Amino acid sequence: MWRVSVSEMDNNAYLLRNRATGELLLVDAAAEPERLLALVDAAGGPLRTVVTTHQHWDHHRALEDVVAATGAVTVCGTDDAEGMPVRPNRTVGHGDVVTVGDVPLEVIHLRGHTPGSIALAYRDPDGPVQLFTGDSLFPGGVGNTKNPGQSFDSLIEDVSTRVFDVFDDDTVVWPGHGAPTTLGAERPHLQEWRDRGW
């Protein structure tokens, strides 16, 4: 797995590679398509899929260029499809599976930051779960819910029941911006987040 920070907003893009087949999946073609395509070339496999975690513009600015260059299939949450710059080839909901070759990534629908925000969970047989959360979960709290159409109550509920209640403390959280964390580091603060409302 490779992580690259792009744009002035420090967006994370994650490139996942199937070790057996070499196939690649990109999480969030956020910006700077030249850098993302160079990363794909360096990884040495075909980019088959681009998953967009949510419809906010800073997470898909490079999507059109990356797809045009690679022919990759585009995937996003069903309820965010209308906000995407490229019509998605596939929309997904909670409990669906996206694959990198034959390796499954579980889709977790986390409502609140956007209606169709999703996370992806890779249950690594040789290590902790790897969780790609977009802007729904960060070190120190859930994503922004201050704008019209957003809901803190929905997001904290989904993050609590669909993430913290399901996965162990050693689960690694790879957010849409900034540094990774673990569920164990964040779990003690859940009530604090509820109390403060963000």
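These figures come from a predicted structure and were not determined experimentally. Position 1 is the first residue of the sequence, and the numbers go up from there.
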Do other residues, nucleotides or ligands put more than 12 heavy atoms under 6.0 Å from Q150 CD?
yes

On a heavy-atom basis, the closest approach of S136 and S117 is OG-CB, 3.7 Å

Using a strict threshold of under 4.0 Å (side-chain N to carboxylate O), is an ion pair present between E106 and R123?
yes

When you check the side-chain N and O atoms of S7 and R61, is any donor under 3.5 Å from an acceptor?
yes

E34, CD atom: more than 12 neighbouring heavy atoms under 6.0 Å:
yes

Please report the closest heavy-atom contact between A119 and T133, naming both atoms and the distance.
CB-CA, 3.9 Å

Under a 3.5 Å cutoff, is there a donor and acceptor pairing between the side chains of T114 and Q55?
no

Under a 3.5 Å threshold, yes or no: a donor from one side chain and an acceptor from the other, between E186 and H189?
no

So which atom in G140 and which in W193 form the shortest heavy-atom distance, rounded to 0.1 Å?
O-NE1, 3.3 Å

Output for pair (D79 CG, T91 OG1), nearest 0.5 Å, gives 9.0 Å

Mind running side chain to side chain donor-acceptor pair (under 3.5 Å) on D10 and S5 for me, showing each step along the way?
CA-CA 5 Å; D10 187 27; S5 172; 2.3 Å; yes

Rounded to the nearest 0.5 Å, what separation is found between the CG atom of L39 and the CG atom of L24?
8.5 Å

With a 3.5 Å cut-off and no angle check, do the side chains of H59 and D135 form a donor-acceptor pair?
yes

Shortest non-hydrogen separation from A43 to L15 and the atoms involved:
CB-CD2, 3.8 Å

Hey, is CH2 on W2 packed in by over 12 heavy atoms from elsewhere, all under 6.0 Å?
yes

Tell me yes or no: between the side chains of D80 and H54, is some donor less than 3.5 Å from an acceptor?
no

Decide if atom CZ of R87 counts as having more than 12 heavy atoms of other residues, nucleotides or ligands within a radius under 6.0 Å.
no

Minimum-distance pair of heavy atoms, taken over all atoms of G112 and S154:
CA-CB, 4.4 Å

Rounded to the nearest 0.5 Å, what separates atom OG1 in T171 from atom CZ in F164?
9.5 Å

Kindly compute the distance separating CG (L37) from CG (D65), expressed to the nearest 0.5 Å.
8.0 Å

Over all heavy atoms of both residues, which pair between L137 and V159 is shortest? Give the atoms and the distance, please.
CD1-CG1, 4.2 Å

Return the CG to CD1 distance between L131 and I108, rounded to the nearest 0.5 Å.
5.0 Å

With a 6.0 Å cut-off on the ring centroids, do H56 and H113 count as close?
yes

As an exercise, state the distance from OG1 of T78 to NE2 of H94, rounded to the nearest 0.5 Å.
13.0 Å

So do the side chains of T52 and T74 get within less than 4.5 Å of each other, counting heavy atoms only?
no

Just by distance, no angles: are the side chains of N12 and D28 close enough, under 3.5 Å, to form a donor-acceptor pair?
no

Assess whether salt bridge (Lys or Arg N to Asp or Glu O under 4.0 Å) is satisfied between E157 and R194, documenting all intermediate values.
CA-CA 9 Å; E157 184 64 21; R194 286 184 182 274; 3.5 Å; yes

